[in-house]
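Computed over heavy atoms, backbone and side chain alike; hydrogens, waters and symmetry mates excluded. Sequence lines set the chain letters: A, B, ... in the order given, protein chains first and strands last, and positions in each chain run from 1.
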There are 2 protein chains.
Amino acid sequence: MLLIRPATVNDVALLRTLIRELAEFERQLELCVIEEATLLRDGFGAKPKFRALIAEWSGQTAGYALFFGYYSTWVGPGLYLEDIFVRPEFRGKGIGMALLAAVARIALQENCCAMRWEVLDWNERAIELYKSLGVEFRDEWRPVLLTDDALRRLAERAL
Amino acid sequence: MLLIRPATVNDVALLRTLIRELAEFERQLELCVIEEATLLRDGFGAKPKFRALIAEWSGQTAGYALFFGYYSTWVGPGLYLEDIFVRPEFRGKGIGMALLAAVARIALQENCCAMRWEVLDWNERAIELYKSLGVEFRDEWRPVLLTDDALRRLAERAL
């Protein structure tokens, strides 16, 4: 009943819908301003900046995972899981685990020895799932983001 | 006196030395197992998985920054700063800031609207520097790592 398939150019509108559902779940929908044209350009051109998998349950869209390559200077190439989401009505069926396993298989096929991602500290259900996999929580590391005006001010600094 | 230049294929041995100095500063040298051949293959072939900048102070190697593209499904492409390091004897000269600014300029040139990175929670000097730039500390997000046997077990799970 579960099918996991790569997202194609025909999935751009669906992908944006799923991305916005995840942003709403993360209580930050107002920060999600991506447009279909941007996803089309960046994910489905000659040099895709990301890849995505769509999970279908009995033909209905149940969730997705979106990832890209990263590089660890300690061990080499890995896959970074930017998004993973299962729609509420499809939870409890192992779909999140199946999406994770599908990304892990791609990682190994591509000679990556690691996956990285981030989880919100209040998302206990996801944290328990990840613990069951034997992940390492790298809690001594603080994620940092620099955007917009602050990024431009930095770029314009004199040497 | 300060020169910031892209790392080339001739810098692979130097880059590995700098990477190991940073790993030692981060108190995790034992986890840094990267070899020159891996950095050569992954950074300086037809499809580089990372780029690096070398900082020179009066002709001496003073530090480096290493980065690659990431993708935010909320706003689009960005640059991920995996490593930034200034050798102890060259600190206090603005070299770290200059490396950050150089990466920020590349980000804007490539139509990225954000940079991401991580900082160790005990690295107060770096945290103060980043605060002065107006970064956002995304402390509600916990970084997760899945490697080796745990990654293989996940990949081998039946659907």
Side-chain angles (χ1 to χ4, degrees), chain A residues 2 19 23 31-34 38 42 49-50 66 68-77 80 82-83 97-98 100-101 104-105 107-108 113-122 127 130 133-155 157 159, chain B residues 2 19 23 31-34 38 42 49-50 66 68-77 80 82-83 97-98 100-101 104-105 107-108 113-122 127 130 133-155 157 159:
Chain A
L2 178 63
I19 287 167
L31 298 178
C32 182
V33 297
I34 201 94
T38 311
D42 293 338
K49 295 181 192 294
F50 64 83
L66 187 144
F68 43 80
Y70 77 88
Y71 202 79
S72 161
T73 52
W74 294 357
V75 296
Y80 193 96
E82 178 73 8
D83 285 356
M97 183 69 88
L100 283 166
R105 280 192 289 275
L108 293 182
C113 60
M115 288 171 56
R116 278 191 206 162
W117 65 94
E118 291 175 352
V119 61
L120 279 162
D121 56 10
W122 52 257
I127 288 168
Y130 301 155
L133 303 178
V135 305
E136 178 189 341
F137 290 96
R138 300 167 58 250
D139 287 328
E140 73 278 22
W141 292 93
R142 300 178 68 184
V144 178
L145 178 68
L146 183 68
T147 60
D148 302 322
D149 285 349
L151 178 66
R152 278 185 288 273
R153 280 196 304 274
L154 173 59
R157 285 183 83 97
L159 284 181
Chain B
L2 177 63
I19 287 167
L31 298 178
C32 182
V33 296
I34 200 96
T38 311
D42 293 338
K49 295 182 192 295
F50 63 83
L66 187 145
F68 43 79
Y70 75 86
Y71 202 78
S72 161
T73 51
W74 294 358
V75 296
Y80 193 96
E82 177 73 8
D83 286 354
M97 183 69 88
L100 283 166
R105 281 192 288 275
L108 293 182
C113 59
M115 289 171 55
R116 278 192 204 161
W117 65 95
E118 292 175 352
V119 61
L120 279 162
D121 55 11
W122 52 258
I127 289 168
Y130 302 154
L133 303 178
V135 304
E136 178 190 341
F137 291 96
R138 300 166 58 250
D139 288 328
E140 72 278 23
W141 291 93
R142 301 178 67 184
V144 178
L145 178 68
L146 183 69
T147 60
D148 301 322
D149 284 350
L151 178 65
R152 279 186 287 272
R153 280 196 304 273
L154 174 60
R157 285 183 83 96
L159 285 181

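Using a 4.5 Å cut-off between heavy atoms, A:Asp139 touches chain B through backbone and side chain atoms alike. Only the side chain of B:Tyr80 has a heavy atom closer than 4.5 Å to any heavy atom of chain A. The contact between A:Tyr71 and chain B is made by backbone and side chain atoms together, counting heavy-atom distances below 4.5 Å. Both the backbone and the side chain of A:Leu151 come within less than 4.5 Å of a heavy atom of chain B. Using a 4.5 Å cut-off between heavy atoms, B:Arg116 touches chain A through backbone and side chain atoms alike. Looking at A:Leu66, only its side chain comes within 4.5 Å of chain B, counting heavy atoms on both sides. Proximity to chain B (any heavy atom under 4.5 Å) is shown, for A:Phe137, by both the backbone and the side chain.
Of the listed residues A:Ala150, A:Gly134, A:Pro143, the one with more heavy-atom pairs under 4.5 angstrom with chain B than any other is A:Pro143. When each of A:Lys49, A:Met97, A:Glu140 is scored by its heavy-atom pairs under 4.5 Å with chain B, the top score falls to A:Glu140. Between chain A and the options B:Asp121, B:Val144, B:Leu108, heavy-atom pairs under 4.5 Å are most frequent for B:Val144. Heavy-atom pairs under 4.5 Å with chain A peak, among B:Asp149, B:Asp42, B:Thr147, at B:Asp42. Contacts with chain B were tallied for A:Ala23, A:Ala104, A:Ala155, A:Ser72; A:Ala155 has the most, counting heavy-atom pairs under 4.5 Å.
One distance of note links CZ of A:Arg138 with CG of B:Leu120; it measures 8.5 Å at 0.5 Å rounding. To the nearest 0.5 Å, atom CH2 of residue A:Trp141 and atom CG of residue B:Leu145 are 11.5 Å apart. Between the CZ atom of B:Arg152 and the CZ atom of A:Arg105 there is a distance of 15.0 Å, given to the nearest 0.5 Å.
A salt bridge is absent between B:Arg142 and A:Glu136: the closest approach of a Lys/Arg side-chain nitrogen to an acidic carboxylate oxygen does not fall below 4.0 angstrom.
You'll find the side chain of B:Leu100 reaches within 4.5 Å of the side chain of A:Leu154, heavy atoms only. Side-chain contact between A:Tyr70 and B:Phe68 is present, with heavy atoms from C-beta onward closer than 4.5 Å. Contact check for B:Trp74 versus A:Ile34: no side-chain heavy atoms found under the 4.5 Å cut-off. The closest side-chain heavy-atom distance from B:Leu146 to A:Trp117 is below 4.5 Å.
Across A:Thr73 and B:Ile19, no two heavy atoms sit closer than the pair O-CG2, 3.3 Å.
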